[in-house]
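Order of the sequence lines sets the chain letters (A, B, ...), proteins ahead of strands, with each chain counted from 1.
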Protein chains: 2
Amino acid sequence: MNAPTAVAAIAPTFSPLYQQIKALITQSLQSGEWKPGELIPSEVELANRFKVSQGTVRKAIDELAAENLVMRKQGKGTFVSTHHEARAHFRFLRLMPDEGVPHYPESKFIEVKRLRAPADVARLLDLKAGDAVVFIKRVQSFDGVPTIVEELWLPGATFKGLTAERLVEYKGPMYGLFESEFGTRMIRATEKIRAVCADDGAAALLKIAASTPLLASERVSFTYGDKPVELRRGLYLTEQHHYHNELS
Amino acid sequence: MNAPTAVAAIAPTFSPLYQQIKALITQSLQSGEWKPGELIPSEVELANRFKVSQGTVRKAIDELAAENLVMRKQGKGTFVSTHHEARAHFRFLRLMPDEGVPHYPESKFIEVKRLRAPADVARLLDLKAGDAVVFIKRVQSFDGVPTIVEELWLPGATFKGLTAERLVEYKGPMYGLFESEFGTRMIRATEKIRAVCADDGAAALLKIAASTPLLASERVSFTYGDKPVELRRGLYLTEQHHYHNELS
DNA sequence: GAGTGGTCTAGACCACCCG
DNA sequence: GGGTGGTCTAGACCACTCG
(Lines give C-alpha, C1' and ligand atoms only; values in the text may rest on other atoms or scores of the structure.)
Protein backbone atom coordinates (compact mmCIF):
# COMPACT_ATOMS: atom_id res chain seq x y z
CA MET A 1 0.00 0.00 0.00
CA ASN A 2 1.17 3.49 -0.80
CA ALA A 3 4.06 2.04 -2.80
CA PRO A 4 6.11 4.50 -4.85
CA THR A 5 5.52 4.37 -8.58
CA ALA A 6 7.65 5.11 -11.60
CA VAL A 7 6.15 8.58 -11.89
CA ALA A 8 6.26 10.97 -9.00
CA ALA A 9 3.24 10.74 -6.76
CA ILE A 10 1.01 13.75 -7.40
CA ALA A 11 -1.80 13.28 -4.93
CA PRO A 12 -1.08 12.31 -1.32
CA THR A 13 -1.52 8.54 -1.56
CA PHE A 14 -0.97 8.02 2.13
CA SER A 15 -3.91 7.59 4.45
CA PRO A 16 -3.41 6.67 8.09
CA LEU A 17 -5.04 3.47 9.26
CA TYR A 18 -7.24 5.27 11.78
CA GLN A 19 -8.66 7.42 8.98
CA GLN A 20 -9.61 4.31 7.06
CA ILE A 21 -11.26 2.90 10.18
CA LYS A 22 -13.05 6.21 10.65
CA ALA A 23 -14.36 5.99 7.09
CA LEU A 24 -15.61 2.45 7.70
CA ILE A 25 -17.42 3.48 10.88
CA THR A 26 -18.90 6.49 9.09
CA GLN A 27 -20.20 4.16 6.40
CA SER A 28 -21.99 2.09 9.00
CA LEU A 29 -23.49 5.25 10.47
CA GLN A 30 -24.62 6.41 7.06
CA SER A 31 -26.04 3.04 6.04
CA GLY A 32 -28.09 2.90 9.21
CA GLU A 33 -26.38 -0.19 10.62
CA TRP A 34 -26.36 1.76 13.90
CA LYS A 35 -29.24 4.21 14.18
CA PRO A 36 -29.28 7.57 15.98
CA GLY A 37 -29.47 7.08 19.74
CA GLU A 38 -28.22 3.50 19.57
CA LEU A 39 -25.13 2.00 21.14
CA ILE A 40 -22.36 1.10 18.73
CA PRO A 41 -20.03 -1.87 19.33
CA SER A 42 -17.34 -1.39 21.96
CA GLU A 43 -13.85 -0.33 21.04
CA VAL A 44 -12.38 -3.80 21.58
CA GLU A 45 -15.14 -5.36 19.49
CA LEU A 46 -14.49 -2.95 16.62
CA ALA A 47 -10.76 -3.52 16.98
CA ASN A 48 -11.33 -7.26 16.53
CA ARG A 49 -13.66 -6.73 13.61
CA PHE A 50 -11.21 -4.49 11.75
CA LYS A 51 -8.10 -6.39 12.86
CA VAL A 52 -6.41 -3.34 14.35
CA SER A 53 -5.47 -2.35 17.88
CA GLN A 54 -7.92 -0.70 20.25
CA GLY A 55 -5.84 2.47 20.16
CA THR A 56 -6.40 2.86 16.45
CA VAL A 57 -10.16 2.43 16.77
CA ARG A 58 -10.03 4.85 19.67
CA LYS A 59 -8.39 7.55 17.58
CA ALA A 60 -10.98 7.09 14.83
CA ILE A 61 -13.84 7.41 17.33
CA ASP A 62 -12.12 10.42 18.92
CA GLU A 63 -12.50 12.31 15.66
CA LEU A 64 -16.06 11.17 15.12
CA ALA A 65 -16.90 12.40 18.62
CA ALA A 66 -15.20 15.73 17.90
CA GLU A 67 -17.43 16.07 14.83
CA ASN A 68 -20.51 15.28 16.91
CA LEU A 69 -21.31 12.15 14.93
CA VAL A 70 -21.11 9.97 18.05
CA MET A 71 -21.14 10.59 21.78
CA ARG A 72 -18.98 8.75 24.27
CA LYS A 73 -20.27 7.96 27.75
CA GLN A 74 -17.74 6.58 30.15
CA GLY A 75 -18.75 3.25 31.60
CA LYS A 76 -21.65 2.88 29.16
CA GLY A 77 -20.36 2.96 25.63
CA THR A 78 -20.41 5.05 22.47
CA PHE A 79 -23.76 6.20 21.07
CA VAL A 80 -24.81 7.50 17.69
CA SER A 81 -25.66 11.19 18.05
CA THR A 82 -29.25 12.24 17.63
CA HIS A 83 -31.13 15.51 17.39
CA HIS A 84 -33.55 14.11 19.98
CA GLU A 85 -31.70 15.43 22.99
CA ALA A 86 -31.48 18.70 24.82
CA ARG A 87 -27.74 18.89 24.11
CA ALA A 88 -28.24 18.93 20.35
CA HIS A 89 -31.09 21.42 20.25
CA PHE A 90 -28.96 24.52 20.49
CA ARG A 91 -26.26 23.44 18.12
CA PHE A 92 -28.15 24.92 15.19
CA LEU A 93 -30.42 27.37 17.00
CA ARG A 94 -28.24 30.36 17.79
CA LEU A 95 -30.91 32.89 18.59
CA MET A 96 -30.80 33.43 22.36
CA PRO A 97 -33.02 35.54 24.61
CA ASP A 98 -31.30 38.62 25.99
CA GLU A 99 -32.68 37.71 29.42
CA GLY A 100 -33.57 34.33 30.83
CA VAL A 101 -32.69 30.80 29.84
CA PRO A 102 -32.66 29.59 26.23
CA HIS A 103 -35.65 27.50 25.24
CA TYR A 104 -37.20 26.15 22.09
CA PRO A 105 -39.78 28.22 20.20
CA GLU A 106 -43.26 27.11 19.10
CA SER A 107 -43.81 26.68 15.36
CA LYS A 108 -46.76 27.73 13.23
CA PHE A 109 -46.72 26.49 9.66
CA ILE A 110 -47.87 28.94 7.03
CA GLU A 111 -47.31 26.90 3.93
CA VAL A 112 -46.09 23.46 2.94
CA LYS A 113 -45.98 22.55 -0.71
CA ARG A 114 -44.02 20.74 -3.39
CA LEU A 115 -42.71 22.66 -6.34
CA ARG A 116 -39.87 22.87 -8.82
CA ALA A 117 -36.54 24.24 -7.68
CA PRO A 118 -35.69 27.79 -8.79
CA ALA A 119 -32.19 28.15 -10.18
CA ASP A 120 -30.63 29.68 -7.04
CA VAL A 121 -32.12 27.02 -4.76
CA ALA A 122 -31.07 24.24 -7.12
CA ARG A 123 -27.52 25.52 -7.16
CA LEU A 124 -27.20 25.60 -3.38
CA LEU A 125 -28.79 22.16 -2.95
CA ASP A 126 -26.74 20.59 -5.73
CA LEU A 127 -29.87 19.86 -7.78
CA LYS A 128 -30.91 20.73 -11.32
CA ALA A 129 -33.22 23.68 -11.80
CA GLY A 130 -36.76 22.30 -12.02
CA ASP A 131 -36.10 19.29 -9.78
CA ALA A 132 -38.80 18.58 -7.20
CA VAL A 133 -38.37 20.32 -3.86
CA VAL A 134 -40.42 20.68 -0.71
CA PHE A 135 -41.08 24.26 0.34
CA ILE A 136 -41.99 25.09 3.92
CA LYS A 137 -42.77 28.45 5.43
CA ARG A 138 -43.29 28.89 9.14
CA VAL A 139 -43.27 31.40 11.97
CA GLN A 140 -41.64 30.63 15.30
CA SER A 141 -42.56 32.31 18.57
CA PHE A 142 -40.88 32.58 21.93
CA ASP A 143 -43.43 32.84 24.76
CA GLY A 144 -46.06 33.81 22.25
CA VAL A 145 -43.96 36.55 20.62
CA PRO A 146 -43.44 35.86 16.91
CA THR A 147 -39.70 36.19 16.34
CA ILE A 148 -38.61 34.07 13.38
CA VAL A 149 -40.06 33.71 9.92
CA GLU A 150 -38.38 31.01 7.94
CA GLU A 151 -38.51 29.44 4.50
CA LEU A 152 -37.08 25.96 3.98
CA TRP A 153 -36.23 24.19 0.75
CA LEU A 154 -35.65 20.44 0.82
CA PRO A 155 -34.79 18.00 -1.98
CA GLY A 156 -38.06 16.33 -2.98
CA ALA A 157 -36.44 12.95 -3.57
CA THR A 158 -35.11 12.73 -0.03
CA PHE A 159 -38.23 14.05 1.66
CA LYS A 160 -40.97 12.11 -0.11
CA GLY A 161 -44.14 12.03 1.96
CA LEU A 162 -43.34 15.11 4.03
CA THR A 163 -46.72 16.75 4.63
CA ALA A 164 -48.06 19.62 6.68
CA GLU A 165 -49.80 17.11 8.96
CA ARG A 166 -46.56 15.33 9.81
CA LEU A 167 -44.93 18.64 10.58
CA VAL A 168 -47.77 19.93 12.75
CA GLU A 169 -48.27 16.80 14.79
CA TYR A 170 -44.56 16.34 15.39
CA LYS A 171 -43.32 17.70 18.68
CA GLY A 172 -39.70 18.82 18.96
CA PRO A 173 -37.07 20.17 16.61
CA MET A 174 -37.56 19.63 12.90
CA TYR A 175 -34.14 18.04 12.55
CA GLY A 176 -35.42 15.31 14.88
CA LEU A 177 -38.26 14.61 12.47
CA PHE A 178 -35.94 14.58 9.47
CA GLU A 179 -33.68 12.14 11.25
CA SER A 180 -36.39 9.73 12.45
CA GLU A 181 -38.78 9.81 9.51
CA PHE A 182 -36.52 10.44 6.56
CA GLY A 183 -33.21 8.98 7.68
CA THR A 184 -31.46 12.26 7.00
CA ARG A 185 -29.22 13.59 9.73
CA MET A 186 -27.91 17.16 9.55
CA ILE A 187 -24.23 17.10 10.38
CA ARG A 188 -23.04 20.64 9.81
CA ALA A 189 -24.15 23.86 8.17
CA THR A 190 -22.81 27.11 6.79
CA GLU A 191 -24.58 30.36 7.40
CA LYS A 192 -24.48 33.81 5.80
CA ILE A 193 -25.93 36.61 7.90
CA ARG A 194 -26.86 40.16 7.01
CA ALA A 195 -29.11 42.95 8.19
CA VAL A 196 -32.22 43.84 6.19
CA CYS A 197 -35.43 45.81 6.51
CA ALA A 198 -38.62 43.87 7.11
CA ASP A 199 -40.78 43.76 3.98
CA ASP A 200 -44.57 43.91 4.28
CA GLY A 201 -44.97 40.14 4.36
CA ALA A 202 -42.47 39.57 7.15
CA ALA A 203 -43.76 42.59 9.07
CA ALA A 204 -47.29 41.20 9.02
CA LEU A 205 -46.22 37.75 10.19
CA LEU A 206 -44.03 39.12 12.97
CA LYS A 207 -46.58 41.80 13.87
CA ILE A 208 -44.05 44.59 13.58
CA ALA A 209 -43.73 47.78 11.57
CA ALA A 210 -42.45 47.46 8.03
CA SER A 211 -38.79 48.51 7.73
CA THR A 212 -37.94 47.21 11.20
CA PRO A 213 -34.36 45.93 10.97
CA LEU A 214 -34.10 42.12 10.93
CA LEU A 215 -31.28 39.61 10.83
CA ALA A 216 -31.38 37.64 7.59
CA SER A 217 -29.75 34.23 7.64
CA GLU A 218 -29.16 31.88 4.74
CA ARG A 219 -28.19 28.46 5.93
CA VAL A 220 -27.18 25.41 3.92
CA SER A 221 -27.13 22.18 5.93
CA PHE A 222 -25.18 19.09 5.00
CA THR A 223 -25.54 15.41 5.77
CA TYR A 224 -23.00 12.59 5.42
CA GLY A 225 -20.57 13.05 2.59
CA ASP A 226 -20.99 16.84 2.63
CA LYS A 227 -24.20 16.50 0.66
CA PRO A 228 -26.39 19.62 0.95
CA VAL A 229 -29.93 18.67 2.01
CA GLU A 230 -31.51 21.82 3.32
CA LEU A 231 -31.65 25.48 2.42
CA ARG A 232 -33.14 27.65 5.12
CA ARG A 233 -33.72 31.37 4.80
CA GLY A 234 -34.70 33.00 8.05
CA LEU A 235 -35.58 36.46 9.28
CA TYR A 236 -34.96 37.07 12.98
CA LEU A 237 -36.40 39.81 15.11
CA THR A 238 -33.61 40.91 17.44
CA GLU A 239 -35.39 43.17 19.86
CA GLN A 240 -35.45 40.69 22.73
CA HIS A 241 -33.02 38.17 21.22
CA HIS A 242 -29.54 38.04 19.74
CA TYR A 243 -27.57 35.67 17.56
CA HIS A 244 -24.92 34.09 19.73
CA ASN A 245 -21.55 33.01 18.42
CA GLU A 246 -18.30 31.73 19.86
CA LEU A 247 -15.08 32.62 18.07
CA SER A 248 -12.29 30.22 18.82
CA MET B 1 -2.18 12.00 44.56
CA ASN B 2 -5.97 11.96 44.57
CA ALA B 3 -5.83 9.86 47.71
CA PRO B 4 -9.14 9.10 49.41
CA THR B 5 -9.77 11.00 52.61
CA ALA B 6 -11.82 10.28 55.71
CA VAL B 7 -14.71 12.36 54.40
CA ALA B 8 -16.30 11.65 51.07
CA ALA B 9 -14.77 13.63 48.23
CA ILE B 10 -17.19 16.37 47.18
CA ALA B 11 -15.46 17.95 44.23
CA PRO B 12 -13.93 15.84 41.46
CA THR B 13 -10.41 15.49 42.85
CA PHE B 14 -9.17 13.56 39.85
CA SER B 15 -7.26 15.30 37.14
CA PRO B 16 -5.58 13.32 34.36
CA LEU B 17 -1.85 13.68 34.11
CA TYR B 18 -2.01 15.08 30.59
CA GLN B 19 -4.28 17.87 31.84
CA GLN B 20 -1.72 18.80 34.43
CA ILE B 21 0.98 18.82 31.75
CA LYS B 22 -1.28 20.93 29.57
CA ALA B 23 -1.67 23.41 32.43
CA LEU B 24 2.11 23.58 32.88
CA ILE B 25 2.67 24.22 29.18
CA THR B 26 -0.07 26.86 29.19
CA GLN B 27 1.70 28.57 32.09
CA SER B 28 4.89 28.75 30.08
CA LEU B 29 2.97 30.22 27.16
CA GLN B 30 1.32 32.78 29.41
CA SER B 31 4.53 33.73 31.20
CA GLY B 32 6.23 34.35 27.86
CA GLU B 33 8.85 31.62 28.26
CA TRP B 34 8.00 30.79 24.66
CA LYS B 35 6.81 33.77 22.66
CA PRO B 36 4.31 33.85 19.78
CA GLY B 37 5.88 32.50 16.61
CA GLU B 38 8.64 30.69 18.47
CA LEU B 39 9.42 26.99 18.52
CA ILE B 40 8.64 25.20 21.76
CA PRO B 41 10.73 22.26 23.01
CA SER B 42 10.17 18.94 21.28
CA GLU B 43 7.80 16.36 22.68
CA VAL B 44 10.61 14.11 23.93
CA GLU B 45 12.31 17.06 25.58
CA LEU B 46 9.12 18.07 27.38
CA ALA B 47 8.51 14.45 28.34
CA ASN B 48 11.94 14.35 29.99
CA ARG B 49 11.40 17.68 31.70
CA PHE B 50 8.07 16.64 33.18
CA LYS B 51 9.06 13.01 33.80
CA VAL B 52 6.19 11.56 31.82
CA SER B 53 5.99 9.59 28.60
CA GLN B 54 5.96 11.23 25.20
CA GLY B 55 2.41 10.04 24.65
CA THR B 56 1.19 12.05 27.62
CA VAL B 57 2.90 15.23 26.43
CA ARG B 58 1.48 14.51 23.02
CA LYS B 59 -2.08 14.39 24.27
CA ALA B 60 -1.56 17.66 26.15
CA ILE B 61 -0.22 19.37 23.02
CA ASP B 62 -3.03 17.86 20.96
CA GLU B 63 -5.54 19.80 23.01
CA LEU B 64 -3.50 23.00 22.90
CA ALA B 65 -3.35 22.68 19.12
CA ALA B 66 -7.11 22.12 18.97
CA GLU B 67 -7.56 25.36 20.93
CA ASN B 68 -5.26 27.20 18.53
CA LEU B 69 -2.72 28.01 21.23
CA VAL B 70 0.05 26.20 19.36
CA MET B 71 0.55 24.93 15.82
CA ARG B 72 2.20 21.64 14.94
CA LYS B 73 4.32 21.33 11.82
CA GLN B 74 5.45 17.84 10.96
CA GLY B 75 9.19 17.51 10.66
CA LYS B 76 9.77 20.97 12.11
CA GLY B 77 8.26 21.17 15.55
CA THR B 78 5.51 22.86 17.52
CA PHE B 79 5.16 26.65 17.38
CA VAL B 80 3.38 29.15 19.56
CA SER B 81 0.43 30.54 17.62
CA THR B 82 0.53 34.18 16.59
CA HIS B 83 -1.86 36.65 15.04
CA HIS B 84 0.92 37.55 12.59
CA GLU B 85 -0.04 35.02 9.97
CA ALA B 86 -2.55 34.82 7.19
CA ARG B 87 -4.13 31.75 8.80
CA ALA B 88 -5.06 33.63 11.95
CA HIS B 89 -6.39 36.75 10.29
CA PHE B 90 -9.82 35.40 9.52
CA ARG B 91 -10.40 33.61 12.78
CA PHE B 92 -11.94 36.75 14.27
CA LEU B 93 -12.90 38.62 11.10
CA ARG B 94 -16.07 36.98 9.91
CA LEU B 95 -17.27 39.63 7.49
CA MET B 96 -16.73 38.23 4.00
CA PRO B 97 -17.29 39.82 0.61
CA ASP B 98 -20.26 38.36 -1.31
CA GLU B 99 -18.01 38.14 -4.36
CA GLY B 100 -14.28 37.71 -4.59
CA VAL B 101 -11.64 36.55 -2.13
CA PRO B 102 -11.57 37.65 1.52
CA HIS B 103 -9.01 40.29 2.32
CA TYR B 104 -8.16 42.59 5.15
CA PRO B 105 -9.73 46.06 5.34
CA GLU B 106 -7.90 49.38 5.76
CA SER B 107 -8.38 51.22 9.05
CA LYS B 108 -8.99 54.88 9.70
CA PHE B 109 -8.88 55.95 13.32
CA ILE B 110 -11.47 58.48 14.40
CA GLU B 111 -10.69 58.71 18.06
CA VAL B 112 -8.23 57.30 20.58
CA LYS B 113 -8.48 58.38 24.19
CA ARG B 114 -8.23 57.25 27.75
CA LEU B 115 -11.22 57.57 30.03
CA ARG B 116 -13.04 55.98 32.93
CA ALA B 117 -15.04 52.84 32.34
CA PRO B 118 -18.83 53.23 32.23
CA ALA B 119 -20.68 50.66 34.31
CA ASP B 120 -21.69 48.39 31.40
CA VAL B 121 -18.16 48.32 29.96
CA ALA B 122 -16.66 47.68 33.39
CA ARG B 123 -18.97 44.75 33.96
CA LEU B 124 -18.08 43.06 30.68
CA LEU B 125 -14.34 43.63 31.14
CA ASP B 126 -14.37 42.50 34.75
CA LEU B 127 -13.27 45.95 35.96
CA LYS B 128 -14.73 48.38 38.46
CA ALA B 129 -16.78 51.28 37.12
CA GLY B 130 -14.44 54.25 36.85
CA ASP B 131 -11.30 52.21 36.18
CA ALA B 132 -9.06 53.52 33.43
CA VAL B 133 -9.84 52.24 29.94
CA VAL B 134 -8.60 52.97 26.43
CA PHE B 135 -11.33 53.90 23.98
CA ILE B 136 -10.77 53.56 20.25
CA LYS B 137 -13.12 54.39 17.43
CA ARG B 138 -12.33 53.53 13.85
CA VAL B 139 -13.79 52.97 10.41
CA GLN B 140 -12.68 50.07 8.22
CA SER B 141 -12.99 50.02 4.45
CA PHE B 142 -12.82 47.31 1.85
CA ASP B 143 -11.45 48.59 -1.46
CA GLY B 144 -12.17 52.11 -0.35
CA VAL B 145 -15.77 51.39 0.65
CA PRO B 146 -16.38 52.18 4.33
CA THR B 147 -18.04 49.09 5.75
CA ILE B 148 -17.31 48.79 9.48
CA VAL B 149 -17.49 51.33 12.26
CA GLU B 150 -16.16 50.00 15.49
CA GLU B 151 -15.68 51.09 19.09
CA LEU B 152 -13.14 49.29 21.25
CA TRP B 153 -12.72 49.36 25.01
CA LEU B 154 -9.51 48.03 26.53
CA PRO B 155 -8.36 47.80 30.16
CA GLY B 156 -6.06 50.78 30.75
CA ALA B 157 -3.70 48.84 33.00
CA THR B 158 -2.95 46.26 30.33
CA PHE B 159 -2.65 48.70 27.47
CA LYS B 160 -0.51 51.44 28.98
CA GLY B 161 1.18 53.48 26.30
CA LEU B 162 -1.27 52.65 23.54
CA THR B 163 -1.50 55.81 21.43
CA ALA B 164 -3.07 56.86 18.17
CA GLU B 165 0.42 57.04 16.62
CA ARG B 166 1.20 53.42 17.43
CA LEU B 167 -2.11 52.34 15.98
CA VAL B 168 -1.74 54.36 12.79
CA GLU B 169 1.83 53.39 12.01
CA TYR B 170 1.18 49.71 12.71
CA LYS B 171 0.49 47.64 9.62
CA GLY B 172 -1.62 44.52 9.99
CA PRO B 173 -4.36 43.30 12.29
CA MET B 174 -4.74 45.02 15.64
CA TYR B 175 -4.52 41.73 17.51
CA GLY B 176 -0.99 41.43 16.12
CA LEU B 177 -0.09 44.76 17.70
CA PHE B 178 -1.67 43.80 21.01
CA GLU B 179 0.30 40.58 21.00
CA SER B 180 3.68 42.07 20.08
CA GLU B 181 3.57 45.36 21.96
CA PHE B 182 1.44 44.56 24.97
CA GLY B 183 1.98 40.84 25.47
CA THR B 184 -1.73 40.21 25.33
CA ARG B 185 -2.90 37.43 23.07
CA MET B 186 -6.60 37.06 22.25
CA ILE B 187 -7.51 33.40 22.57
CA ARG B 188 -11.25 33.28 22.07
CA ALA B 189 -14.25 35.56 22.00
CA THR B 190 -18.01 35.54 22.37
CA GLU B 191 -20.20 37.60 20.11
CA LYS B 192 -23.80 38.81 20.26
CA ILE B 193 -25.27 39.92 16.95
CA ARG B 194 -28.43 41.84 16.14
CA ALA B 195 -29.89 44.01 13.40
CA VAL B 196 -30.24 47.75 13.95
CA CYS B 197 -30.88 50.94 12.02
CA ALA B 198 -27.93 53.20 11.31
CA ASP B 199 -28.02 56.29 13.52
CA ASP B 200 -26.84 59.62 12.13
CA GLY B 201 -23.28 59.18 13.38
CA ALA B 202 -22.78 55.77 11.82
CA ALA B 203 -24.56 56.83 8.64
CA ALA B 204 -22.17 59.75 8.21
CA LEU B 205 -19.07 57.63 8.77
CA LEU B 206 -20.24 54.90 6.42
CA LYS B 207 -21.57 57.42 3.90
CA ILE B 208 -25.00 55.80 3.82
CA ALA B 209 -28.57 56.94 4.47
CA ALA B 210 -29.68 57.04 8.08
CA SER B 211 -31.89 54.07 8.97
CA THR B 212 -30.01 51.74 6.65
CA PRO B 213 -30.08 48.31 8.35
CA LEU B 214 -26.75 47.30 9.89
CA LEU B 215 -25.40 44.28 11.71
CA ALA B 216 -24.52 45.18 15.29
CA SER B 217 -21.95 42.99 16.98
CA GLU B 218 -20.85 43.06 20.59
CA ARG B 219 -17.72 41.03 21.11
CA VAL B 220 -15.87 40.24 24.31
CA SER B 221 -12.41 38.76 23.76
CA PHE B 222 -10.50 36.70 26.30
CA THR B 223 -6.85 35.99 26.90
CA TYR B 224 -5.22 33.23 28.98
CA GLY B 225 -7.24 32.20 32.00
CA ASP B 226 -10.49 33.36 30.42
CA LYS B 227 -9.72 36.92 31.38
CA PRO B 228 -11.74 39.45 29.33
CA VAL B 229 -9.42 42.04 27.76
CA GLU B 230 -11.39 43.63 24.96
CA LEU B 231 -14.92 44.85 24.35
CA ARG B 232 -15.62 45.63 20.73
CA ARG B 233 -18.89 47.04 19.46
CA GLY B 234 -19.12 47.04 15.69
CA LEU B 235 -21.62 48.10 13.05
CA TYR B 236 -21.32 46.27 9.75
CA LEU B 237 -22.73 47.33 6.42
CA THR B 238 -23.96 44.15 4.75
CA GLU B 239 -24.75 45.32 1.25
CA GLN B 240 -21.68 43.78 -0.35
CA HIS B 241 -20.62 41.63 2.58
CA HIS B 242 -22.05 39.02 4.94
CA TYR B 243 -21.17 37.58 8.29
CA HIS B 244 -19.98 34.04 7.72
CA ASN B 245 -20.47 31.26 10.23
CA GLU B 246 -19.97 27.53 10.35
CA LEU B 247 -22.31 25.48 12.51
CA SER B 248 -20.84 22.18 13.53
C1' DG C 1 21.39 11.26 8.52
C1' DA C 2 19.50 13.34 12.45
C1' DG C 3 15.58 15.44 14.43
C1' DT C 4 10.72 16.39 14.52
C1' DG C 5 5.88 15.27 14.68
C1' DG C 6 2.56 11.28 13.27
C1' DT C 7 1.04 6.48 13.50
C1' DC C 8 0.41 1.96 15.45
C1' DT C 9 0.79 -1.50 18.77
C1' DA C 10 0.26 -4.17 23.28
C1' DG C 11 -0.49 -4.14 27.81
C1' DA C 12 -1.54 -2.32 32.34
C1' DC C 13 -4.38 0.11 35.27
C1' DC C 14 -8.16 3.64 36.54
C1' DA C 15 -12.92 5.75 36.70
C1' DC C 16 -17.48 4.93 35.83
C1' DC C 17 -21.93 2.39 35.22
C1' DC C 18 -25.00 -1.30 36.03
C1' DG C 19 -26.99 -5.63 37.39
C1' DG D 1 -17.89 -8.29 39.25
C1' DG D 2 -17.65 -7.53 34.67
C1' DG D 3 -18.05 -4.34 30.98
C1' DT D 4 -17.16 0.24 29.03
C1' DG D 5 -14.52 4.23 27.95
C1' DG D 6 -10.24 6.93 29.80
C1' DT D 7 -5.34 7.23 30.97
C1' DC D 8 -0.50 6.09 30.80
C1' DT D 9 3.42 3.76 29.29
C1' DA D 10 7.26 1.96 26.22
C1' DG D 11 8.77 0.92 21.98
C1' DA D 12 8.76 0.52 16.97
C1' DC D 13 8.30 2.46 12.67
C1' DC D 14 6.70 6.14 9.16
C1' DA D 15 6.49 10.86 6.92
C1' DC D 16 8.45 15.18 6.67
C1' DT D 17 12.15 18.86 6.95
C1' DC D 18 16.66 20.53 6.70
C1' DG D 19 21.49 20.86 6.59
| request: Would you give a per-nucleotide map of nucleotides 6-14 of chain D, 5' to 3', where B means the base has a protein non-hydrogen atom under 4.0 Å away, S means only the sugar-phosphate does, and - means neither? | output: BBSBS----
| note | Residues passing the side-chain hydrogen bond (donor to acceptor under 3.5 Å, both in side chains) test with A:E169, sequence neighbours excluded, are none
| query | Separation of B:I25 atom CD1 from C:dG5 atom C1', in whole Å? | reply | 14 Å
| Roughly how many Å is it from CZ in B:F79 to P in D:dT17, rounded to a whole number? | 11 Å
| Can you name the residues that form a side chain to side chain contact (heavy atoms under 4.5 Å, CB included) with A:R87, not counting sequence neighbours? | A:N68, A:M71, A:E85
| Atom pair distance, as rounded to whole Å: CG in B:L64 and P in C:dG5 | 13 Å
| said: What is the separation between atom CD1 on A:I61 and atom P on D:dT4, rounded to the nearest whole Å? | reply: 12 Å
| request: Take the C1' atoms of the five end pairs on each side of the helix from C:dG1-D:dC18 to C:dC18-D:dG1, get both axes, and report the angle to 10 degrees. | output: 10°
Compile the donor-acceptor pairs under 3.5 Å between side chains in residues 180-187 of chain B and protein atoms, sequence neighbours left out, one pair per line.
| unit_1 | atom_1 | unit_2 | atom_2 | d |
| --- | --- | --- | --- | --- |
| B:S180 | OG | B:H84 | NE2 | 2.6 |
| B:S180 | OG | B:G176 | O | 3.1 |
| B:E181 | OE1 | B:R166 | NH2 | 2.5 |
| B:T184 | OG1 | B:F182 | O | 3.2 |
| B:R185 | NH1 | B:S81 | O | 3.4 |
| B:R185 | NH1 | B:H83 | ND1 | 3.4 |
| B:R185 | NH1 | B:E179 | OE1 | 3.2 |

| request: With sequence neighbours left out, write down each residue that passes side-chain hydrogen bond (donor to acceptor under 3.5 Å, both in side chains) with B:T26, or none if nothing qualifies. | output: none
| What residues, two or more places apart in sequence or in another chain, satisfy side chain to side chain contact (heavy atoms under 4.5 Å, CB included) together with B:Q74? | none
| said: Does the structure place the NZ or CZ of A:K73 under 6.0 Å from the centre of the six-membered ring of A:F79, at an angle of no more than 45° from the ring's axis? | reply: yes
| field | Set of side chain to side chain contact (heavy atoms under 4.5 Å, CB included) partners for B:S42, sequence neighbours left out | value | B:V44, B:E45
| task | Using side chain to side chain contact (heavy atoms under 4.5 Å, CB included) as the criterion, list what pairs up with A:D143, not counting sequence neighbours. | result | A:H103
| request: Give the rounded distance in Å between these two atoms: CD1 of A:I40 and P of D:dT4. | output: 12 Å
| task | May I ask you to evaluate whether B:S42 reaches the phosphate of C:dG3, defined as a side-chain N or O under 4.0 Å from OP1 or OP2? | result | no
